[in-house]
Every structure is written in C-alpha cells, then in structure tokens.
Protein chains: 2
Amino acid sequence: MMDRIFENVEIDKIAKNFQKAPHKIGHTHEADAEIIDLGVGCQNYLAITTDALVEEVRSGLYENPYFMGWMLAMVNFSDLAAVGADPLGLLLSISYSPNGNEKFITKLARGVSDACQELNTFVLGGDTNQGEDLLLSGCAVGLVPKQSALTRMGAKVNDRLYISYPAGLGNVFAFLKLSKMNFLIPSSFYKPIARIKEGRVIRDYANCCMDTSDGVLHTVDTLMRLNGLRFVLYNNWARILHPTACTITHIKKIPSWLVLAGIHGEYELVFTVSPQKEKDFFDAATRVGWTPLLIGEVCEGEGVNIQNSDTLKPLDTAAIRNLSEQAGSDPQAYVKKLIQMAKESGIH
Amino acid sequence: MMDRIFENVEIDKIAKNFQKAPHKIGHTHEADAEIIDLGVGCQNYLAITTDALVEEVRSGLYENPYFMGWMLAMVNFSDLAAVGADPLGLLLSISYSPNGNEKFITKLARGVSDACQELNTFVLGGDTNQGEDLLLSGCAVGLVPKQSALTRMGAKVNDRLYISYPAGLGNVFAFLKLSKMNFLIPSSFYKPIARIKEGRVIRDYANCCMDTSDGVLHTVDTLMRLNGLRFVLYNNWARILHPTACTITHIKKIPSWLVLAGIHGEYELVFTVSPQKEKDFFDAATRVGWTPLLIGEVCEGEGVNIQNSDTLKPLDTAAIRNLSEQAGSDPQAYVKKLIQMAKESGIH
C-alpha cells in the first residue's frame, strides 16, 4: 500500500541501506518522530526528529527570515507533538552566506527563539556554517511516557477520526503567496503553533496520530495505508475548514475541500479515538480549554471516502498525493492540476 | 578570551538570541556535544550534536559520495565521543537534486551505513528533500553516565595533555587534495573513525576533552581559552604526528608541526588527566588495546607554548585560527599564509 506513493518510494530507496536499530520502536513511516528506548530505568522514550526547510525557501514561499525561523522550530516540534512528546529542545544546523547577512540571521534567530518560548522550550545548540546557499535544518528532541507514545499505527474499526483545530490555512497561504496575491495575506495570517499541549492530552486516549504538515488528505491517506482500513471523512466542510479558507475558496470559485488536498499543511494533529474512550477524552481536552473536532470515522475496508449525506464517495488520494511529485517544482502547474482533479471527482 | 577568535564571535551572535535551557549542562562552547539532564530516574545524560558538511563539499575536498556519507556520520559521532557518550544513533537531513542522482545517494547511504556499523550504531531516521543544492546535515544522539560526562572545562595545573592517536592526516589530505596532488593520496589514506571506544575509557579519568575536528592547535587553543591556563605542547613531533604527515611535510619542505595548525582535522580526542590518575588510566586503556599519546602538560599562566628542549616558545594560536576566516574560501591563499606564519614563528 505504502509503495503506491512516490514520496514513500524515495524514502525507502535510502532507508533500505540502513540496518534497523533494535532500540527503535516501529519501522520507517510508522511515526512522525523516531521513538527510542533509552533502556532500563527510564520511564520515558526519547522522541527525536529532523526536518529541513528546502522547497519552501527555494520557491519563495517563505521569504521573511523571522517567519523562516518560526517555521523551522515549529515543523520540528510538530513531529514531537504527533508522538505525544514533551520537548527537551531544538538543535539548529544553519548555513548562510557571510556577506551582509547579519540582520537576516538575527531575525531568523528571533523567529526560532519566539517559537521555542511559545512552546516553553529551548534552543539547545547547533552548528553554523558559512556557505553560498542558505541551509536551514533543525532537530527536535523530547520525552514521552513509555505507555503513552503515539505512532501512526493502531487505528481500529469504529474509531472516531479527529483533528486538533480547523485546517486548510497552510494551503491557502501557499496558494495566495505563490499566486503573488500577497495583498490578501494579512500579517499573522499563517503562523502555525505545534500542538504540543494537545498532544499531551491525545497521547492518553488516541489509537494513532499524525500531523498535517503535508496537508490533511496526505495525513488521512497515510493513516489509511498504514492501518489497512477505510477512512471516512464527513463532508461537513464548515467544521473541518478554517473560516478564512472557506472565504478564499468561495471568492476564487474553487471547491473548498481542495485546501485539504494540497501539500502545504498547517501542523494540526489528526488522530483516532475508540468510541468508549470518547467521553473521557473530551473531558480531558476541556480541562486544558481545547475542543477537538470530529471529522470522520474508521470502517472496515480500504481507501479514503468522502461521506456525501448517505453515500460514500471514494477519493483517489494516491493520485492527489502523487500530483505534487509529477508537477515537479512548478507550483502553478500543480495547483491547476489539483483544481482539475477536484472538479472531476464530483465531490462538493 | 573566547572572543579573540572570529569563529566564536559568529556563533555568539546567533546564540545570544536564545534563552539558556535550564536542563542543559554548561554553556555555549563548553562541550563538543550538548549535554542534557533527562530528569529524575535517569542515570544518564543525553548527549546530542548536529554537524553539516558544507565547505568540505563546496570546495571539492569531499567528492566521493561514499566518503561524504562516511564523514557525515563520523563528524557527528566524534562529538559524542568527546563527551564520553555511547551512541544511540544518527539522524540524517539530506537534500539533493532528483535528476539522475540515485547512484550518488545510494553510495552516500552506504558510506553512512558502514560508518554506523564500524561504531556498532544505527541510522535512526531522517528527512530527505529534493532541492537544487546538495545539503548534508546529521544529528547524533547518545547517552553518558551522569558522573562521567566530559566537557572542555575542568583542566587543572599539572594535568598531563594527551591525544588518542597520531594526528595531522586531515590537514595533509586537504593540502594534497586541494593542491590537485591526488596521485599522492592512496585509497583509505584518510578515513577517520570517531573515538567512541576510547571516549568510554577517557570519560572515567580525564578532566576535560575535545575532538580535533578543526585541527590539533585549534583544539588546544580552545581548551586553553576556556580553562584560563597555559597549555604546553612538547615538540616531540615524531610522537604526535602521523608518519605519513611527517613524510609529506619533509618532501614538501614545510615545517612538520604545520599539519597541527590547519583547520581540517582528523577526529582524534585531546584531553587532560591528573598525574595521580595516570597509572589507572593507562591500565584501563591497555585493557581495550589502546595506547594514549602524551603530548604536553597544563601549567599556570595563559597561552599555548611549544617546548623546545628547555625553553617555552609562545605560539599565537589566535592568529593561526583567525587566518582561515581571513583567507575566506581560498584554500591556496590560506595554506600559503599558514606556511609563512610557521616560518616566522621560529618553531621547528
């Protein structure tokens, strides 16, 4: 199932060269962060992840250095949130051209620092190089109680599918930015916060969890493939979509659910909860002032379906995901193909 | 003292933007890897470090993808060795151009994999991106018993200065490679191994430790500055220098100790041991089949000195270190200035 997705094939080509670490929990693709057994005497697993900003910078999607710094921290901490970890901190691997870039680097560092403070965590250290190209890579590390570590595995038939908060802003931001419609993007329109706080609640109730860093449909598709079950998304778009995403898609006359299909996500958490744990889960969420959003359910079978009133409409999520690889690095071509595919699907 | 070195000033410009993490042991510059307290119940500190290959690739010093992979792993594990940590594994952050680079990436992955196997450790995971530029960054993580964690701090007057094995091959390799004298470089001439095994012995006896990733003089200079003491190097070059380094410098008619001064190091460990612990340290080293090399001592005062029979000759290690920054990315100009400085120093 996983090998129908181009991106997974690319990862496996590299991963197949490496021996599996005996102290690593699970296999490639099975969790947002690596989960490592620290041995006897430790109640916690180590959670560790690395993520670089490459395409986002190269394409001009991220231009503001403060925003680059903020995102560099948040994309890494989001992976920790998705395994339920409490962050220990962040390491930075940064390379930049030395000529007159002092202000740029200071702003970038402030973005990183503010993101860490937002999550009550820290920059632990890093490596800086002076090169010709801008290189921004991070590594976040944290701890998760052994009995509470979340992976993408473990969904069960009848599980309820949830998302942490409304989604779609990531793709709207990318669409407007790459279409040179910056005037439609108010400041702080898109400033994701890794869902560390919510992850701490989710870890005690959910069967599986994954962040939406590559978009909601990408996440649901991956959970579907890894768990070998049917994932049904309710077409109650007003609930799952951020109001701004609804407004913009309405103005631009494109199907609103398309903002779930693009690959520029928004770092929400998608997870499944057994029906019998739902009440306790909601009580725990309420205690931290959070209302999780029910967006679907898990059934027997395979594939991603959209529920249109009483009928289930299959959605070819593999084709949607592979579009971004096929379109290469031409975002305009990608968006055009995406809109075409949405119109052909007959889903509204 | 630390602010006399350009490189440290650059690091501090970024680091000053970040709050100190309360669970991090020590401050910026004070250890090769970050040392993190995991809290109650854990007998070990977490050791974590990140290092990218930038200048080495850009300058053409590293051309072979297998070698790049080997080095990417070893440079990171060497930082763990220098704090006495047992590795848990490595994370990779790799970006490469997608066009026809499959063989390149497979060879690179094999280099990483072989390096990990050499050290009985593992690739835990990573992030791959497809971009225009080659980006190679790693993050190594390990554990060190709390009472044994090594930092660069703690040298005492009368300490004996040691190195793990003969040094200088890193700079000879760089010199020959960048002078297009590849024919003088036999295969496997320079294939460093992170001194994890030796670090496990050193951690129970040494007062401070640092690897020679930027050359031996760089390391001794940093230990001198951080500890505020005089570091004396014996001019018994036949002991400290790798035989090949002696041969090449003899042929090229340059002072042999110069291979300690360049910035392309060889991942040995430099450390100090109290005289009263020396016998036990040697016994422990012998048990793992290793003979540490005595290369100097720590005295009252400040600065790096070279012992020429009975006299101490001061060496301006700040000037030597800052040369590499001043010469920018022109390796020929750098080597020329280095040779000139060595001749003027009067040290043989």
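For clarity, every value in this text was computed on a predicted model and none was experimentally measured. Every chain is numbered from 1, with letters handed out A, B, ... down the list of sequences.
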B/Cys139 versus chain A, heavy atoms under 4.5 Å apart: side chain, backbone, both or neither?
-> side chain
So, B/Tyr66 and B/Asp114: side-chain donor and acceptor under 3.5 Å apart, yes or no?
-> yes
If one checks every heavy atom of B/Gln117 against chain A at 4.5 Å, the contacting part turns out to be side chain
Interatomic distance, B/Leu119 atom CG to B/Met74 atom CE [nearest 0.5 angstrom] = 4.0 Å
When the 4.5 angstrom heavy-atom criterion is applied to B/Thr49 and chain A, the contacting part is backbone
Distance, nearest 0.5 Å, that separates OG of A/Ser137 from CG of A/Asn76 = 7.0 Å
Examine whether an atom of B/Thr128 lies under 4.5 Å from a heavy atom of chain A, and if so say whether it belongs to the side chain, the backbone or both; otherwise answer neither.
-> side chain
Any donor and acceptor pair, going by atom type alone, linking the side chain of B/Asn64 with main-chain N or O of B/Phe67 inside 3.5 Å?
-> yes
Let me know if B/Leu143 has heavy atoms under 4.5 Å from chain A in its side chain, its backbone, both or neither.
-> side chain
Going by the salt bridge (charged side-chain N to carboxylate O under 4.0 Å, His left out) test, name the single residue among B/Asp32, B/Asp79, B/Asp211 that passes it with B/Arg152.
-> B/Asp32
The interface call for A/Asp133 against chain B, heavy-atom contacts under 4.5 Å, is side chain
Distance-minimising heavy-atom pair for A/Ile263 and A/Tyr334 = N-OH, 3.2 Å
Heavy-atom distance under 4.5 Å to chain A: side chain of B/Ile94, backbone, both or neither?
-> neither
Structural part of A/Ser95 lying under 4.5 Å from a heavy atom of chain B = side chain
Residue among B/Glu10, B/Gln130, B/Arg110, B/Lys13 with most heavy-atom pairs under 4.5 Å to chain A = B/Lys13
Hey, is the main chain of B/Ala109 close enough, under 3.5 Å, to the side chain of B/Ser113 for a donor-acceptor pair?
-> no
Sort B/Asn129 into side chain, backbone, both or neither according to what part of it lies under 4.5 angstrom from a heavy atom of chain A.
-> side chain
Backbone of A/Ile14 reached by a side-chain donor or acceptor of A/Asn17 within 3.5 Å | yes
Could you look at B/Gln19 and say if it's the side chain, the backbone, both or neither that has a heavy atom under 4.5 Å from chain A?
-> both
Assert top hit (heavy-atom pairs under 4.5 Å, partner chain A, pool B/Val40, B/Leu91, B/Ile11) equals B/Leu91
Side-chain ion pair, B/Arg203 and B/Asp86, N-O less than 4.0 Å = yes
Region of B/Leu108 that comes under 4.5 Å of a non-hydrogen atom in chain A = neither
Please round to the nearest 0.5 Å and tell me the distance separating atom CD of B/Glu266 and atom OG of B/Ser213.
-> 9.5 Å
Chain B: which of A/Ala15, A/Ala52, A/Ala33, A/Cys42 shares the most heavy-atom pairs with it under 4.5 Å?
-> A/Ala52
Under a 4.5 Å heavy-atom cut-off, does chain B meet the side chain of A/Thr106, its backbone, both or neither?
-> both
Which atom names give the shortest non-hydrogen contact between B/Ala82 and B/Leu150, and what distance separates them?
-> O-CB, 3.5 Å
Using non-hydrogen atoms and a 4.5 Å limit, figure out which bit of B/Ile105 sits close to chain A: side chain, backbone, both or neither.
-> side chain
Can you tell which part of B/Lys20 gets under 4.5 Å to a heavy atom of chain A, answering side chain, backbone, both or neither?
-> backbone
What residue in B/Asn44, B/Leu135, B/Thr28 has the most heavy-atom pairs under 4.5 Å with chain A?
-> B/Leu135
Which region of B/Val57, side chain (C-beta onward) or backbone (N, CA, C, O), has a non-hydrogen atom less than 4.5 Å from a non-hydrogen atom of chain A, or is it both or neither?
-> neither
What part of A/Val141 lies closer than 4.5 angstrom to a heavy atom of chain B: side chain, backbone, both or neither?
-> side chain
Are A/Tyr45 and A/His23 an aromatic pair by the rule of ring centers under 6.0 Å?
-> no
